[in-house]
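What follows is a single structure, written as structure tokens, with notes after it.
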Amino acid sequence: MASGSVFTRDEVKEEEEEEVGSGLIDRISSLPEGIILSILSLLTHKEAVKTSLLSCRWVYFWMSALTVLDFDSPKVSPARRTEFKQWASRVVRQLNNATTSTKFRVSFTLSNQYSFDGDKDQWLKFTISNRFEYLKLCSSNPTPASTREGKSCGYAFPEDCFNNIVTPSGLSDVKSLRSLRLSCVEVEARTIEHFISECPYLEELAVHRSDSLRELKIAAADMGSSSSLALKRLEVVRCRCLISLEIYNVSCLTHFTYRGHWTIGLRLKDCVSLVDVNIGFDGSCIKTLVFDLVSCYAAQLTALAVLISPVFTRFSKVAEFVRLKLLTVEAYPTFVVHVPGLDTLINACPNLHTLRVKINACQPRVMTKAMQERDNIKGRHESIKVVEIIGFTCPN
């Protein structure tokens, strides 16, 4: 057998003859290639790569079968971080040399405790050049100290990577993108807007905890090359420096999530397909702000989630949500006995099927009261079929 990584037909035949001569028959390798690839696709990365040692025929099978490339670095112990870097870089090099044109769903969890940003840049460029469909980049969450000091701890989207995707060849590489999720990744609005406008199949976009995001505008009329946007799901969460978020005439948008400070200039207009909204404002929330924002969509929403803050007081009237089936309320433990305005909300939803109350509680007695309140809610509103109380308790 040759010492290199490429095998000739004669070598494959010689190995098969040796197996027959020794009485060993490799029945798995005799399966059709499509079945082998289907089996390999069920394995983890490391398991799939190890199959390249089985025989010369199996050397490149894993490259064709691999559809999910997941570099989850926080799961790696500090003692093995160098080994992890070498393994990940070796996989990327091997895939770069592969002759197959596999599309990848990629998830990098990029922890800042690892000092190899250059490698992470190369991994990102690799995924783009291979025309991926799903890309998820996760850096480590900011520490409490860095949050108090206003420091950003996220992984910065490389400038040269942005410069590449605006070129004709780069545009060709990103057009296959269907889902882009960024968490603790420093990314500017121009990068996000470029992905939206130049990726005709992009249906999901999520940006969490990016301090570089300041003003974001998503409007079909302003997106240049695309007359309409395919975007269906949009999440913007905890972007501390964001001062403006404008969404206009995104006709395919069905799900929208925003979590952040209430002082943001948030505009949501002419989204005719919108059916699911999740909104929570931090800080001194004006009591009707959420409902002023979504009132023009009251007749079409089927799911609504809101955060009830300590200063969210009772309100007397809201628009009628005639199609709403699922109402989710996230409440502080102090509101367990009775969430202010909850009855008003329920009464505004004549066809409500499920009420879901989420409570971040640290004491079992709080959850006990919550379960009692569940029965009281069902008693007051017989039309509701399901009342769910979801919370987190700690042992005594």
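Please read these numbers as outputs of a predicted model, since none were measured by experiment.
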Which residues satisfy the side-chain hydrogen bond (donor to acceptor under 3.5 Å, both in side chains) test with Arg238, sequence neighbours excluded?
-> Asp282

The salt bridge (charged side-chain N to carboxylate O under 4.0 Å, His left out) partners of Glu388 (sequence neighbours excluded) come to Arg356

Any side-chain heavy atom of Phe157 sitting closer than 4.5 Å to one from Leu124?
-> yes

Residues Arg181, Glu204: salt bridge by 4.0 Å N-O rule | yes

Would a 4.5 Å heavy-atom cut-off, applied to side chains only, mark Leu171 and His194 as touching?
-> yes

Taking side chain as C-beta onward, heavy atoms only, is Glu186 less than 4.5 Å from Asp211?
-> yes

Can you tell me if Asn249 uses its side chain to pair, donor with acceptor, with the backbone of Ala219 under 3.5 Å?
-> no

Could you grab the distance from atom OH of Tyr258 to atom CD1 of Ile247, nearest 0.5 Å is fine?
-> 10.5 Å

Is a side-chain N or O of Glu193 found less than 3.5 angstrom from the main chain of Lys217, in a donor-acceptor match?
-> yes

Leu352 backbone acceptor or donor facing His381 side chain under 3.5 Å | no

Backbone N/O of Glu188 and side chain of Ser212: donor-acceptor pair under 3.5 Å = no

Ion pair present between Arg190 and Glu159, side-chain N to carboxylate O less than 4.0 angstrom?
-> yes

Value rounded to 0.5 Å, distance of CG in Leu229 from CD1 in Ile196 | 7.0 Å

Measure the spacing between CG of Leu205 and CG of Leu216 and express it to the nearest 0.5 Å.
-> 7.5 Å

Which atoms form the tightest heavy-atom contact between Leu213 and Ile192, and what is the distance?
-> CD1-CG1, 4.4 Å

One should read off an interatomic distance between Leu231 CG and Ser273 OG, to the nearest 0.5 angstrom, of 11.5 Å

Distance-only, no hydrogens or angles: does the Lys325 side chain make a donor-acceptor pair with backbone N or O of Arg323 under 3.5 Å?
-> no

Contact check, side chains of Arg259 and Asn278, non-hydrogen atoms, under 4.5 Å = yes

Taking all non-hydrogen atoms of both residues into account, name the closest pair between Cys241 and Arg214 and its distance.
-> CB-NH1, 3.5 Å

Taking atom CZ of Arg233 as the centre, does the number of heavy atoms from other residues, nucleotides or ligands within less than 6.0 Å exceed 12?
-> no

So does Asp160 pair up with Lys125, basic N to acidic O under 4.0 Å?
-> yes

Hey, does the side chain of Tyr297 reach the backbone of Leu268 with a donor-acceptor pair shorter than 3.5 angstrom?
-> yes

So, for Cys199 and Val174, which heavy atoms are closest and what is the spacing to 0.1 Å?
-> SG-O, 3.2 Å

Residues which pass ring-ring contact (aromatic ring centres under 6.0 Å, His included) with Phe321, listed by chain and number, not counting sequence neighbours | none

Provide the closest heavy-atom pair for Lys232 versus Leu253 in the form atom of the first, atom of the second, distance.
-> O-CD1, 3.4 Å

Any side-chain heavy atom of Leu177 within less than 4.5 Å of one from Phe195?
-> yes

Under the side chain to side chain contact (heavy atoms under 4.5 Å, CB included) rule, what do Leu326 and Thr302 come out as? Steps first, then yes or no, please.
-> CA-CA 6 Å; Leu326 171 62; Thr302 60; over 6 Å; no

Smallest heavy-atom separation, Leu293 atom then Ile279 atom, equals CD2-CD1, 3.1 Å

Output for pair (Leu324 CG, Thr354 OG1), nearest 0.5 Å, gives 10.0 Å

With a 4.5 Å heavy-atom cut-off, do Tyr134 and Arg178 have their side chains touching?
-> yes

Does the side chain of Asp276 reach to within under 4.5 Å of the side chain of Thr254, using non-hydrogen atoms?
-> no

Does Ser210 reach the main-chain N or O of Cys239 with its side chain, forming a donor-acceptor pair under 3.5 Å?
-> no

Mind listing the closest non-hydrogen atom pair of Asn164 and Ser169 along with its distance?
-> OD1-OG, 4.5 Å

